[in-house]
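Every chain is numbered from 1 and lettered A, B, ... according to where its sequence line falls, protein lines coming before strand lines.
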Amino acid sequence: MRTHFATMGTEVSIEAEGELAPARVAELRRAFDRVDRTFSLYRTESELSRIAAGALALTDASDDVRSAYDAALSWRTRTRGAFTPHRPDGVLDLSGLVKATAMAEAGVILDRAIRFGELDSWRLGVGGDVLRSAAGVPARVGIVDPLDLARLLTVLQLGPARLALATSGSAERGDHIWMRDRGDRAHDAAPDFVQVSVAARDIVTADVLATAIVSGGAEALDEICEREDVDVLTVDRSGGMRATPGFAAAIEAARS
Amino acid sequence: MQVQVTISGGQITDVTALQITGPERRSVQISNAAVPMLRQEVLSAQSANVSMIGGATYTSAGYLRSLQSALDQAGF
C-alpha cells in the first residue's frame with residue numbers, strides 16, 4: 001500500500017507491505033501535526049513563534065520545546081558548531097531537528113503496526129528524508145539531482161545498518177541552512193556543497209549531520225566522516241561529487 | 001590509538017585502527033573519507049525501481065512537481 005498526506009509545510013509519504021488501518025494513519029497525522037503546531041515558525045501561534053516574538057520565555061516553554069532545544073545544543077557541540085539552533089538573526093529555529101524527531105516518532109507508530117500484524121515492513125518519506133523499518137528487505141531509494149530536480153542523481157540501497165537517509169541543500173529552500181562563520185571567508189560565502197546526503201542508522205543523526213555538512217562545508221565533511229558512523233554523498237556547485245566508501249557501496253548494491 | 005583485533009580460529013585475521021571520539025565515546029573506523037566520484041560511478045538508470053525519493057527539503061508546492069509526488073500518484 002501507499003499513502004500520503006500534507007503536514008508541517010511538506011508532504012508525508014508511506015509505502016508499506018500490508019494495510020495500515022485508518023486509525024493508525026490518523027495516529028501518524030496527529031504525531032506530525034503536534035510537532036507542526038508547536039515548532040513551525042510559519043505558524044504565528046506556535047510556541048517557537050511566540051518565543052521568537054519575545055512573548056514566551058524558553059524557560060516557560062513546554063517540555064517538548066525545552067528537550068528539543070537541549071538536543072539541538074548537544075548536536076551543536078557534537079558538530080563543532082556546524083549545526084546550530086540559532087539563526088544569524090538570533091531567532092531560535094528547531095525545525096532542523098524536529099522534522100527528523102517527528103519521523104522517528106512516526107517510525108515507532110509504524111513499528112507498532114508491524115507488531116499488531118498490520119504491516120510486514122514500511123518506508124516513510126517526509127520532505128525528502130527517508131526512513132525504513134528494520135524489518136524487511138533493503139530499500140531502494142533515489143536521490144534527486146540538485147542541478148535538475150526532474151532527474152535522479154543516483155539510487156542507493158538502505159541496508160540494516162543504514163535505515164535512514166537525509167538530504168540537505170539549497171535546491172528549494174535556500175534560506176533553510178546558514179553557513180558556519182569560519183573566520184576565513186565572508187559569512188554569506190557560497191556554500192562548498194549544493195546538496196549533501198547522509199545515510200545513518202537513525203534519521204535524527206542523518207538529518208542533523210547533512211545540515212551540518214552543508215553549513216560547515218568541506219571542513220565539516222572531513223570531521224564528520226572521521227568521527228561519525230555515517231555514509232555521505234556530496235554535490236558541489238559544478239556538479240562534482242564526493243562519496244564515502246560506504247555510500248559508494250550502497251550505490252553499487254542498488255545496481256545489482 | 002586503539003586497534004580492533006579480529007580473531008578467527010585462534011588466529012589474528014584482521015587489525016583495524018580505531019579512534020575514540022564523540023560524546024558517546026564510540027569507536028569508529030577512521031578510514032571513512034569522502035573521495036571524488038566520477039559522475040558515471042554515481043548515476044543510475046532513470047527507470048530504476050525505487051520506493052522513495054530523497055532530496056533537499058521541498059515545500060508543499062515543490063512536492064507537487066517532485067518525483068516523490070509522481071511515485072505517490074502511481075500508488076497501488
Side-chain angles (χ1 to χ4, degrees), chain A residues 1-4 6 9-11 13 15 74 77-78 99 123-125 127-130 139-144 146 149-155 165-173 176 195 197 221-222 225-229 232-234 239-248 251 254-255, chain B residues 1-6 13-76:
Chain A
M1 66 154 295
R2 207 174 240 291
T3 187
H4 64 103
T10 185
E11 197 77 15
S13 306
E15 185 195 44
S74 297
T77 303
R78 186 162 158 183
K99 184 180 83 170
R123 267 84 51 212
L124 170 70
D129 290 347
V130 178
R140 289 170 55 84
V141 177
I143 297 177
V144 170
L149 299 180
R151 292 180 63 83
L152 290 182
L153 180 69
T154 191
V155 176
L165 175 74
T167 299
S168 289
S170 49
E172 293 225 6
R173 276 186 179 175
H176 184 64
Q195 182 166 292
S197 298
L221 172 68
D222 289 342
C225 288
E226 189 177 301
R227 286 200 316 273
E228 303 283 350
D229 181 21
V232 183
L233 175 72
T234 65
M241 286 177 275
R242 288 208 258 170
T244 58
F247 211 104
I251 291 171
R255 285 209 172 98
Chain B
M1 170 78 99
Q2 280 202 352
V3 294
Q4 173 182 292
V5 180
T6 306
T13 57
D14 193 27
V15 179
T16 310
L18 299 174
Q19 92 179 7
I20 312 291
T21 53
E24 301 86 10
R25 300 183 66 76
R26 289 178 303 116
S27 303
V28 294
Q29 296 193 14
I30 57 175
S31 56
N32 193 37
V35 297
M37 300 274 288
L38 296 172
R39 207 161 170 84
Q40 61 263 33
E41 292 178 291
V42 173
L43 290 175
S44 300
Q46 294 296 309
S47 59
N49 180 27
V50 296
S51 61
M52 285 286 160
I53 309 279
T57 306
Y58 38 73
T59 59
S60 294
Y63 164 82
L64 295 177
R65 57 190 167 80
S66 73
L67 294 168
Q68 181 66 50
S69 172
L71 266 186
D72 289 339
Q73 297 311 314
F76 41 87

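With respect to chain B, the highest number of heavy-atom pairs below 4.5 Å among A/Ser197, A/Ala243, A/Ala254 belongs to A/Ala243. Contacts with chain B were tallied for A/Gly142, A/Gly125, A/Pro245; A/Gly142 has the most, counting heavy-atom pairs under 4.5 Å. Taking chain B as the reference chain and counting heavy-atom pairs below 4.5 Å, the highest number among A/Thr234, A/Asp222, A/Thr154, A/Leu124 is found for A/Thr154.
When side chains are defined from C-beta on, B/Asn32 does not count as touching A/Phe247, because their heavy atoms never get closer than 4.5 Å. With contacts defined as side-chain heavy-atom distances shorter than 4.5 Å, the pair A/Leu153/A/Met241 qualifies. No side-chain heavy atom of A/Val144 sits under 4.5 Å from any side-chain heavy atom of B/Gln68.
Both the backbone and the side chain of A/Val141 come within contact range of chain B, with heavy atoms under 4.5 Å apart. Residue contact with chain B, scored on non-hydrogen atoms closer than 4.5 Å, involves the backbone and the side chain of A/Ile143 alike. Using a 4.5 Å cut-off between heavy atoms, A/Arg255 touches chain B through its side chain atoms alone.
Taking both residues in full, the closest heavy atoms of A/Ala166 and A/Asp129 are given as CA-OD1, 3.3 Å, listed atom of the first, atom of the second, then distance. Scanning all heavy atoms of the two residues, the minimum distance from A/Arg227 to A/Arg78 falls at NH2-O, 2.7 Å.
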